[in-house]
Every structure is written in C-alpha cells, then in structure tokens.
**Student:** 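If you scroll down you'll find the structure; I have some questions about it.
Below, chains carry the letters A, B, ... as their sequence lines are ordered, and counting in each starts from 1.
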Amino acid sequence: MSEESLVSKNLDKTYDPKRVEQTWSADHWNAFGLYHAHSENVLNHKKEPYTILMPPPNVTGSLTIGHVLNHTIQDIFIRYNRMMQKEALWLPGTDHAGIATQTVVEKKLRKQKLSRYDLGREKFLDEVWSWREQYGSLILQQLQRLGISCDWRRNLFTMDESASEAVINVFVKLYRDGLIYKGKRIINWCPVSHTALSDEEVIMKTQVDPLTYVRYALADQPEKYITIATVRPETILADVAIAVNPNDDRYKALIGKEAIVPIANRRVPIIADDYVEIEFGTGALKITPAHDPNDYAVAQRHNLPIISVIGQSGEMTDEFGYKGMDRFDARNKITDDLQAMNAIEKIEDYEHNVGYSERAGVVVEPFLSEQWFVKMKTLAEPALKAVEDGKIKFHPARWINTYRHWMGNIQDWCISRQLWWGHRIPAWYDKDGNIFVAHNEAEARELACTDELTQDNDVLDTWFSSWLWPMTTLRWKGDGDCNDDFKAFYPTSTLVTGPDIIFFWVARMIMAGLYFKGDVPFRDVYFTSIIRDMKGRKLSKSLGNSPDPLAVMDQYGTDALRFTVIYLAPLGQDVLFGAEKCEQGRNFATKIWNAARFLFMNRNEVFADDEEFGNMYVDFSPEISALGLVDRWMLTKLNQMLDSYHKAHKQFRVNDITKQLYEFIWSDFCDWYLELMKVSLQNCAEETEKKQQILRAVQVFETALKALHPVMPFITEEIWQTIVQRQKEESISCAAIPYSDPNGIDENALETIEFLKKIITECRSVRSVLGVPPSTISKVRINAFSEEKAALIQENAIYIERLARSEVEVGVGMEKPKASAGAVVEGNEIYILLEGLIDLDKEKARLEKEIQKVGGYVKQLEGKLGNEKFIANAPKEVVEGEREKLKAARLNLEKLTGNLESLK
RNA sequence: GGGUGAUUAGCUCAGUUGGUUAGAGCGCUACCUUGACAUGGUAGAGGUCACUAGUUCGAAUCUAGUAUCACCCACCA
C-alpha cells in the first residue's frame with residue numbers, strides 16, 4: 001500500500017462531517033472556478049444552458065430552515081444539470097429590501113436618539129450603505145455553508161449601477177408608454193414606516209371589534225334621527241354624508257335631507273347610492289372619503305367634499321378637541337363622548353378583517369395621497385396567457401388557479417414609497433408643478449427648458465427592481481442591447497421559490513420579461529413547501545420554534561440537514577420539521593461512510609497499491625453477461641434505480657430522488673449486495689476474480705455516489721476523491737451521471753436473487769420466531785419444486801449457508817425430517833432440522849399463523865377469479881397474473897398444512 | 001363569501017397512469033458487539049387507508065357529498 005494513499009488517511013477515521021465540509025468548502029472550489037458558467041459554450045452550441053435565479057434573500061434576516069429547503073432544492077437542480085453536462089449557471093444576489101433595511105437602520109439610529117430627519121437624506125443613506133457593507137453579505141456567507149454552487153462572480157445587488165440603470169430605463173419607458181401615471185388615490189399607509197404600501201404588503205387579519213350604532217339627528221327634525229353602524233367611530237369627525245340604498249323603503253323619504261354629524265355638528269346630506277347594502281347593519285352608511293376607499297369612490301360620484309382627520313402617524317388632526325391623540329385612543333374617547341350625549345343606540349361585537357402592515361405589524365390606515373402607479377391590465381394579459389398556454393409550467397400545477405385569479409382581478413400597482421432607501425423616482429417638477437420624467441436631471445432640464453427643477457422625493461417599491469431580476473442578473477440595463485450572457489442564458493430554466501410571493505414577484509417577473517424582452521423569464525416554476533414545526537405551526541421568531549440551521553449543521557452535518565429536509569418535502573406539501581429529524585440524514589451519511597470503509601478495506605487487501613487499482617479501474621468495463629449472478633443482479637438494480645431517479649428529476653419530484661437513493665444504497669447495496677459479496681469474496685480462489693469483484697462493487701458505488709452528489713455534496717465528494725487519485729481541480733460535481741442502461745438489465749438474475757433472498761429471509765424468520773440462538777448453525781433441507789430449482793439452490797447454497805447460518809441439503813423429493821420446522825417459498829419446501837431445539841407448540845403456532853395468512857390470501861384470490869365479470873373484463877395479463885398467484889399460494893398452503901399435519 | 005390543499009401504523013409521512021398480501025423513518029418488542037457500520041444487524045408486533053354514497057370485474061387511488069383541520073383570495077360599514 002502506498003504511503004500517501006488518501007484511503008488509508010481519511011477512510012480510516014470515523015465519519016466527521018465537519019472535517020469533510022471544510023475540505024470541500026465553497027472556498028476550495030471557487031479557487032478553481034468550478035461553478036463558473038461560460039456563455040461561449042452555449043453560443044458555440046457546445047453545451048445546453050441551464051440557469052437558475054436565486055431569489056434574493058432578505059439581507060436583514062438570518063438563515064432559516066426555509067432558506068435551507070429552498071436553496072438545497074436549487075442546488076440539487078443546478079448540480080444535477082451540471083453533472084448532466086449542461087452549462088449550469090446559478091445567479092446569486094441580494095436586494096436592498098427598502099422598508100426592511102431602512103427600518104433596521106432607523107432603529108439603530110433611534111438608540112442614539114437620532115431620526116433620519118436629523119441626519120438628512122444624504123447622511124442617512126451613507127448610514128444605510130455602511131450597514132449593508134457590514135451585514136449585507138452575512139446571509140450569503142451562511143448560505144455558502146450549505147454548499148450551494150452559485151457563480152459568485154456574477155453576484156448582483158439591486159442597487160448596483162447596472163441594475164439601477166435598468167430600473168430607471170424601465171420606469172421612463174413605462175411612463176412614456178403610458179403605463180405609469182401619478183394619481184391621487186386612497187392607498188394603504190403605514191403609520192410607522194410613514195410610507196404607502198402596495199396591496200400585497202398588507203396582511204388581512206380577522207378580528208373582533210365593537211360595532212357602534214350611532215344616531216345622527218335630522219337637521220330639520222332634531223327629535224328624529226338616522227342610525228348608522230361603524231367600527232371606526234373616530235372617523236365620524238370626517239363624515240361628509242350619509243348614504244342609503246335608493247331602493248330602501250325605510251329611508252326613501254330622507255333622501256335629499258340633511259343629518260347632523262354628532263360632535264362635529266356638521267350638516268351633511270343624505271344621499272342615495274347602490275353601493276349601500278340594504279340588509280347590512282341599519283342600511284344606512286356614513287361616508288368618510290378621506291379614510292375609506294369605498295367612501296372615496298362614493299364621494300367622487302356625488303361630488304362630496306373631503307375632510308381628513310387622521311395624520312401620517314395615525315394621530316388625530318381634527319378641530320374638535322381630539323387633535324394629537326392616537327387614532328385608537330381617540331376611538332375610545334369618542335365612543336365615551338357619544339355615549340355621554342346619548343348618541344349611541346347599541347354596541348355589538350363584530351368580526352371583520354383588518355389590514356396590517358406586513359413589516360411594521362400595525363393597522364394600515366387608508367390614506368388619501370398622490371402616488372405613482374403602474375397600469376397592470378396591459379401587462380397582465382400576456383403574462384396570464386404564457387402560463388395558461390404552458391410556456392411557463394408551475395409545479396405543482398394547481399398554483400395556476402391562484403395565479404389566474406389574481407391576474408384576472410388585478411389592481412394598479414402603487415410603486416412609490418415615502419422612503420429614502422431605494423431607487424429614487426426619476427421625475428422632476430418645475431415651479432408650477434409640471435412633471436418631467438427623464439433618465440437624468442440633465443434630460444429633465446432639457447425637457448422642461450428650465451434649470452429650476454426639484455426631483456421627486458420618493459423612491460420605488462423594492463419589487464420594482466425585483467421584477468427585473470431575471471434580466472438584471474444577466475446585466476441587462478433596460479436598453480435594447482443584449483450582452484453574450486443574456487443571449488446565452490435568457491430565458492432562465494427553473495425558478496424555485498415559495499408560493500407566498502407568487503404575486504409580489506413571480507407574476508411581476510413574468511410581466512416584465514414579456515413586456516421588455518418579449519419572452520418569458522423562466523420555463524418552470526417550482527413552488528417549495530412551507531416549513532412548519534412539529535405541531536404544524538408556522539416557524540416564527542416570536543414563537544421561538546425556528547431551529548437555527550447553523551446549529552443543526554454543527555450537530556448533524558450539512559449533508560444530513562440537506563438530505564433530511566429534502567426527504568421530508570414532497571412536492572407542494574407543508575413540511576413539519578424538527579432538528580431531531582436530521583438523525584435520519586446523519587445515520588444515512590454514516591452508513592455510506594462505513595460502506596466506503598468496507599470497500600476500501602477490501603480494496604487495500606486485494607490490490608498492491610493505489611496505482612494498480614487506479615489503472616485497472618479506469619479500463620474496467622465488462623459486459624453484463626460476463627458478470628456473476630450477484631453482480632448482474634446489482635447492475636440491474638442500479639439501472640432500475642437510475643431510471644426512476646432521472647424520471648423523478650424530470651417531474652420535479654425531489655423527495656422521490658432521495659427516497660430512491662436511500663433505498664438503493666441502504667437496502668440493496670449495503671444490506672444485500674455487500675453481504676453477498678462478503679461470501680463470494682471469501683469463496684474466491686483466484687486473485688483476479690477477487691479484484692474484479694471489488695472493481696465491480698466500487699464502480700456501482702461510485703455511480704450511486706454521483707447520483708447522490710446533488711443532494712449530499714460533501715460526503716460524496718470526499719469518498720469520490722479517495723476512490724482513485726484525482727487531479728487537484730477535479731470534482732465529482734462535474735462528473736457525468738449515467739442514464740439507465742437498458743443493456744444492463746438482467747431480469748433473470750433479478751428473479752434468482754430475489755428468490756434466494758426469500759429463502760434466506762424465511763430461514764432467518766423461522767429461526768428467530770422459534771428462538772434459535774444466532775450462534776447455532778442449523779441444518780436445512782430443501783425439497784425443491786423442480787430439478788431446475790434444485791440446481792439453482794445448490795449452486796448458490798453458499799449464500800444461504802452464510803447469510804442464514806445454515807447447512808443446506810437440497811434435492812427433489814426430499815422427505816420432511818421429523819424434528820423440523822417447515823416453511824415454503826414458491827413451492828419449495830424448507831425444513832430446518834432442529835433436533836431437541838424445537839418447541840413443538842411454538843412451531844405449531846407459527847405454522848397456524850402462517851396458514852391463516854396464506855389461507856386468507858387464497859380465499860381472496862379465489863373470490864376474484866370466481867367472478868365471471870372479472871374474467872370477462874379485466875385485461876388478460878391481469879387475470880393470468882392472478883391465476884399464477886393463486887396457483888403458487890395454493891401450493892404453499894397445501895405444503896404448510898402438510899407440515900402442520902405431520903406435527904400432530 | 002369564493003378558492004386550494006390535507007385526512008393512510010402510536011408519531012411524522014410516501015404511495016406517479018385504478019390491479020401490491022398497503023410501504024418508509026422514528027418509536028415499540030425479542031435476539032445479536034458476527035471482521036464496514038450499535039449513528040448498526042436480524043426478526044417481529046402494529047392499519048376497516050376520515051365518513052357516506054356512487055362509477056367499475058376491481059378503489060387508499062376516480063366522481064359526488066359530509067365532517068374536521070390548514071392556507072390563500074375578497075371593498076358589506
């Protein structure tokens with residue numbers, strides 16, 4: 001054995017995930033540019049492209065199990081396709097996360113008793129940039145520990161120059177195309193962040209609030225009144241009308257009259273509008289256009305004035321004595337005051353939905369203001385069509401419904417934010433308030449024919465840059481030019497993301513891709529599972545039920561975490577996750593490690609040195625027909641596994657992939673193949689035969705490792721590197737995973753080994769049930785069903801003898817020994833001779849149980865085959881199959897019964 | 001109010017086009033430190049596939065309905 005053999009150095013030790021991860025870290029491979037993609041290879045038609053966009057992680061957050069799942073899936077896709085010899089490109093990046101980042105920095109300032117206004121725009125932005133410098137890449141570093149294989153050279157930040165340029169160009173184009181406009185609207189206002197929000201940034205929560213019935217006296221008959229119901233009594237001060245349904249007989253007489261708003265003592269008209277539901281509440285509705293979008297619409301129709309009583313921080317701004325109070329305090333106070341003046345009829349509990357700001361978690365205030373909007377109808381239509389026509393496929397497909405529904409009811413998108421951190425809106429105003437949208441101030445000046453311009457103070461919604469992500473990551477700048485990367489890698493292949501951002505992001509990227517480049521941004525969208533805790537609750541910081549992935553990686557290993565998360569995540573279902581589940585992944589890794597140790601231990605025994613092995617290994621490619629039975633069986637199993645494996649990949653059934661590999665490696669390879677091999681190795685007289693067996697085993701193992709590599713990159717790399725000496729820059733991550741080879745399938749061998757396995761299992765079972773100690777070697781006599789079977793069993797008796805700890809005697813027409821336990825496998829009777837060891841009652845009980853089981857099965861089959869309709873209607877193969885089954889079962893039953901009889 | 005999904009072993013979940021004696025992991029029971037592995041091996045116990053009807057020769061699988069749970073969407077104050 002050569003001194004520097006990696007095998008003896010590494011596989012001698014027990015499995016240590018940390019050491020393995022450090023050896024094959026991202027840093028190691030980055031040095032060789034292993035994950036760099038090259039557009040030339042695609043443009044020269046050398047390789048097919050495969051591109052994935054990383055959904056930019058939130059820079060203000062830290063790594064969660066959700067990230068682990070999402071990025072492991074992406075890494076599996078990209079590694080698989082890289083190994084299938086495509087030009088694989090995974091584009092990483094981060095976005096500036098407008099509100100989230102600004103909030104974090106403002107919070108930090110507040111600790112120093114400063115606000116952003118104290119600093120001013122420029123200094124504040126400096127603060128944010130330096131915060132980002134310090135913390136912005138933290139999450140990417142954490143992701144790197146997962147072993148993800150991105151092309152880090154192409155890392156992009158949404159505020160990088162090229163991306164910013166694209167944002168501005170896109171804004172100007174949409175404005176000039178008439179798809180962006182500025183308008184006065186009721187928008188969702190966050191009283192904490194002091195900014196407008198899009199509809200998607202508002203979370204609706206169901207809650208119970210008091211519904212207050214308030215009396216409004218009629219102006220001409222103060223003793224009479226009209227009662228309205230409201231959950232927001234504080235907005236009474238801003239009432240400008242009472243509305244009733246024109247067809248409501250109760251109120252017809254009042255239409256056109258006036259009522260008096262309590263406290264405000266304002267006379268307001270009673271108007272008729274279809275919008276009012278007769279059935280609901282009292283059928284009369286107060287109209288508060290400044291604080292409710294529906295009321296605003298009513299006010300527009302009826303030319304009503306607009307009165308505002310709530311300010312930007314949610315404080316009252318009225319002239320009736322509540323000024324400066326918080327809106328909720330004012331609500332209570334006004335309720336009390338109304339009560340005192342006997343203006344309240346009753347108060348009921350009322351369950352309704354209230355909008356909360358996604359980031360700040362406070363109740364959103366409907367707020368009348370001037371904002372910028374994108375007209376969505378034009379953009380939505382082709383985007384909907386692309387998905388319905390299958391140009392973009394959703395996995396699972398049911399998300400199309402959700403997508404369709406949203407696209408069909410789409411509202412204009414409010415894109416202006418009253419923040420500082422973000423892309424500033426490229427609009428300038430002259431003294432008279434005329435708007436000039438331009439790529440830069442110089443252009444605006446030209447358009448305006450004046451130098452006295454002020455730029456819009458607002459910035460754009462973060463998603464206004466995110467929706468360009470498929471293009472900006474390829475350094476598209478929003479103009480007509482396309483660079484080589486763009487030509488080679490757009491459209492991208494697969495988007496992996498959570499279904500929670502289907503509207504925020506997925507839908508909008510599709511719109512942008514189609515509108516600006518005339519092509520879809522990606523072909524497939526894989527919606528990941530949502531991770532929950534073991535009780536089914538969402539993971540959240542406040543519940544403290546979110547395991548820290550870094551701690552899990554420390555405890556169980558990264559491969560274990562990756563494997564487990566994928567193993568648990570079927571397509572489109574929620575996943576209940578607890579860190580302890582990673583035991584399964586860790587055990588699997590350990591199993592693989594030990595299998596490798598076993599192989600290399602034998603290798604080192606049989607081969608002179610690494611070199612001899614390496615030379616033989618490279619040239620070793622025997623035909624299946626030249627192999628022994630066990631190897632033919634193994635090869636067949638391997639090819640069957642590869643077949644399902646590639647199919648699972650095609651269908652995006654990621655957890656199927658892990659299940660295939662797990663079963664193959666653990667059950668087929670370790671439990672049976674290696675055990676069988678131990679026997680045949682020991683039985684081999686010739687050295688060359690031994691060598692070939694080991695070469696064969698290593699080859700199968702290597703293929704399995706390659707197939708497993710996308711899921712467990714570290715351990716597979718480590719073992720692969722030790723199989724034969726590799727070059728420094730060589731990696732399993734670029735090795736080719738073979739397709740299933742139809743010539744590598746031998747049904748006969750499959751059948752034979754499965755038959756032998758059954759005999760072995762049956763022997764073990766009998767021994768175990770009868771309490772035969774493992775140390776005892778039992779004598780087994782097999783009365784074979786045919787000469788052919790007898791020969792087969794005789795030929796492979798050695799396996800039965802070793803694996804079932806038995807001595808085998810086989811023939812046709814063998815008699816049942818008196819003191820023996822009996823079992824039947826496919827008509828072959830197995831007698832285990834245990835003179836003096838048999839407990840007659842135990843054996844009887846065992847046989848009776850067995851007979852009952854088989855008897856039930858026979859009955860079931862007889863019933864089926866006795867049904868004429870079944871014979872007439874079922875396909876011939878099925879009927880034939882059932883007949884075979886019955887025949888075999890009857891034979892078994894008969895022989896078992898015979899056995900039982902002989903005991904009596 | 002509309003939509004989507006779930007319901008299979010004690011627990012967590014697989015089960016692809018209807019034809020299996022319904023599977024896995026964990027847990028449980030018994031035995032085993034046998035030369036890769038006790039983070040292991042062997043054997044075993046454990047299920048009316050939520051319920052009800054229907055389609056079919058045949059249903060965990062298809063259809064309809066019911067129940068429970070979860071999520072998403074929606075401007076009845």
**Student:** Assign each of A/Asp199 and A/Leu285 to its nearest nucleotide of RNA chain B by heavy atoms, then name whichever residue's nucleotide is nearer the 5' end.
**Tutor:**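 Checking each residue's closest nucleotide, the 5'-ward one belongs to A/Asp199.
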**Student:** Contact class for A/Tyr567 (heavy atom, under 4.0 Å): base, sugar-phosphate, or nothing?
**Tutor:**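 Result for A/Tyr567 = sugar-phosphate.
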**Student:** Rounded to the Å, how far apart are A/Tyr296 OH and B/rA77 P?
**Tutor:**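 To the nearest whole Å, that distance equals 21 Å.
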**Student:** Among B/rG40, B/rU16, B/rA36, which nucleotide has an atom closest to any side-chain atom of A/Arg653?
**Tutor:**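 Out of B/rG40, B/rU16, B/rA36, the nucleotide with an atom closest to A/Arg653's side chain is B/rU16.
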**Student:** In dot-bracket notation, what is the pairing pattern of RNA chain B, taking Watson-Crick (N1-N3 plus N6-O4 or O6-N4) and G-U wobble (N1-O2 and O6-N3) contacts under 3.5 Å, with [ ] crossing and | for other strands?
**Tutor:** (((((((..((((.....[...)))).(((((.......))))).....(((((..]....))))))))))))....
**Student:** Let me know, please, whether A/Glu351 or A/Asn594 comes out on the 5' side of the other along RNA chain B by nearest nucleotide.
**Tutor:**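 By nearest-heavy-atom nucleotide position, the 5'-most residue is A/Asn594.
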**Student:** Measure the distance from CD on A/Gln411 to P on B/rC73 and round it to the nearest whole Å.
**Tutor:**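 Interatomic distance, CD of A/Gln411 to P of B/rC73: 14 Å.
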**Student:** Among B/rG19, B/rU16, B/rG41, which is the nearest nucleotide to the side chain of A/Gln651?
**Tutor:**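 When the side chain of A/Gln651 is considered, B/rU16 is the closest of B/rG19, B/rU16, B/rG41.
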**Student:** Sequence neighbours excluded, which residues qualify as ring pair (Phe, Tyr, Trp, His ring centres under 6.0 Å) partners of A/His352?
**Tutor:**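 Ring pair (Phe, Tyr, Trp, His ring centres under 6.0 Å) list for A/His352, sorted by chain: A/Tyr350.
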**Student:** Can you check whether A/Lys659 has a side-chain N or O nearer than 4.0 Å to OP1 or OP2 of B/rG25?
**Tutor:**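 For B/rG25, OP1/OP2 do not have a side-chain N/O of A/Lys659 under 4.0 Å.
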**Student:** Look at A/Glu605 together with A/Lys690 and state whether they make a salt bridge at an N to O cut-off of under 4.0 Å.
**Tutor:**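 Salt bridge flag = no for A/Lys690 with A/Glu605.
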**Student:** Could you tell me how far apart A/Leu674 (CG) and B/rG41 (P) are, to the nearest whole angstrom?
**Tutor:**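 Taking atom P of B/rG41 as the reference, CG of A/Leu674 is at 12 Å.
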**Student:** Give me the distance, rounded to whole Å, that separates B/rC75 from B/rA67 when you measure between the P atoms they each carry.
**Tutor:**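 My reading of the P atoms in B/rC75 and B/rA67 gives 27 Å.
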**Student:** Looking only at side-chain N and O atoms, does A/Trp672 come under 4.0 Å of OP1 or OP2 in B/rG41?
**Tutor:**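 Negative; the distance criterion is not met.
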**Student:** Side-chain N or O of A/Lys849 versus OP1/OP2 of B/rA45: is the shortest distance under 4.0 Å?
**Tutor:**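 Yes, such a contact exists.
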**Student:** Taking the side chain of A/Glu277 as its heavy atoms from C-beta onward, which of B/rC32, B/rG25, B/rA77 lies nearest to it?
**Tutor:**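 Taking heavy atoms from C-beta onward, the closest nucleotide is B/rA77.
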**Student:** Is any side-chain heavy atom of A/Ile566 closer than 4.5 Å to one of A/Leu69?
**Tutor:**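 Yes. Closest side-chain heavy atoms under 4.5 Å.
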**Student:** Would you say A/Arg805 places a side-chain N or O within less than 4.0 Å of OP1 or OP2 belonging to B/rC31?
**Tutor:**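 So the side-chain polar atoms of A/Arg805 never come under 4.0 Å of the phosphate oxygens OP1 or OP2 of B/rC31.
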**Student:** Taking the side chain of A/Lys885 as its heavy atoms from C-beta onward, which of B/rU20, B/rA43, B/rU16 lies nearest to it?
**Tutor:**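 Within the option list, the nearest is B/rU20.
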**Student:** Check the distance between B/rU16's P and A/Ile657's CD1 and give it to me in whole angstrom.
**Tutor:**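 Answer to the nearest Å: 17 Å.
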**Student:** Go through B/rU12, B/rA74, B/rC37 for me and flag the one nearest to the A/Asn353 side chain.
**Tutor:**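 Nucleotide nearest to A/Asn353's side chain: B/rA74.
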**Student:** Tell me whether the OP1 or OP2 atom of B/rU39 has a side-chain N or O from A/Asn587 closer than 4.0 Å.
**Tutor:**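 Looking at the OP1 and OP2 atoms of B/rU39, neither is under 4.0 Å from any side-chain N or O of A/Asn587.
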**Student:** Among B/rA43, B/rC37, B/rA77, which nucleotide sits nearest the side chain of A/Lys591?
**Tutor:**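 Minimum distance to the A/Lys591 side chain belongs to B/rC37.
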**Student:** Would you indicate which nucleotide in B/rC76, B/rG44, B/rG19 comes nearest to any side-chain atom of A/Tyr350?
**Tutor:**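 For A/Tyr350, the side-chain atoms sit closest to B/rC76.
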**Student:** Under 4.0 Å, counting only non-hydrogen atoms across every strand here, what does A/Val231 touch: a base, just sugar-phosphate, or nothing?
**Tutor:**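 The answer is sugar-phosphate, as A/Val231 gets under 4.0 Å only of primed atoms, P, OP1 or OP2.
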**Student:** Are A/Phe394 and A/Trp399 near enough that their ring centres are under 6.0 Å apart?
**Tutor:**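 No, they do not, as the ring centres are separated by 6.0 Å or more.
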**Student:** Rounding to an integer number of Å, can you tell me how far A/Ile592 CD1 sits from B/rG40 P?
**Tutor:**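 Atom-to-atom, A/Ile592 to B/rG40, this comes out as 13 Å.
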**Student:** Check this for me, if you would: do A/Arg232 and A/Glu365 make a salt bridge, where the nitrogen-to-carboxylate-oxygen distance has to be below 4.0 angstrom?
**Tutor:**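 Salt bridge flag = yes for A/Glu365 with A/Arg232.
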**Student:** So A/Glu675, base contact, sugar-phosphate only, or nothing? Heavy-atom distance under 4.0 Å.
**Tutor:**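 Base contact.
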**Student:** Heavy atoms from C-beta onward define the side chain here; which of B/rC57, B/rC37, B/rU42 lies closest to that of A/Phe870?
**Tutor:**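 When the side chain of A/Phe870 is considered, B/rC57 is the closest of B/rC57, B/rC37, B/rU42.
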**Student:** Using salt bridge (charged side-chain N to carboxylate O under 4.0 Å, His left out) as the criterion, list what pairs up with A/Lys581, not counting sequence neighbours.
**Tutor:**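 Partners of A/Lys581 under the salt bridge (charged side-chain N to carboxylate O under 4.0 Å, His left out) test: none.
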**Student:** Check whether the side chains of A/Glu201 and A/Ser198 place a donor and an acceptor atom closer than 3.5 Å, and report yes or no.
**Tutor:**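 Per modelled atom types, A/Glu201 and A/Ser198 side chains form a pair under 3.5 Å.
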**Student:** CD of A/Glu348: more than 12 outside heavy atoms within 6.0 angstrom?
**Tutor:**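 Enclosed.
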**Student:** The side chain of A/Asp671 lies closest to which of these nucleotides: B/rG19, B/rA36, B/rG41?
**Tutor:**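 Output: B/rG41.
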**Student:** Rounded off to whole Å, could you give me the NZ-to-C1' distance for the A/Lys678 and B/rG35 pair?
**Tutor:**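 Answer to the nearest Å: 8 Å.
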**Student:** Closest to the A/Arg586 side chain: B/rU39, B/rU4, B/rA36?
**Tutor:**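 The closest nucleotide is B/rU39.
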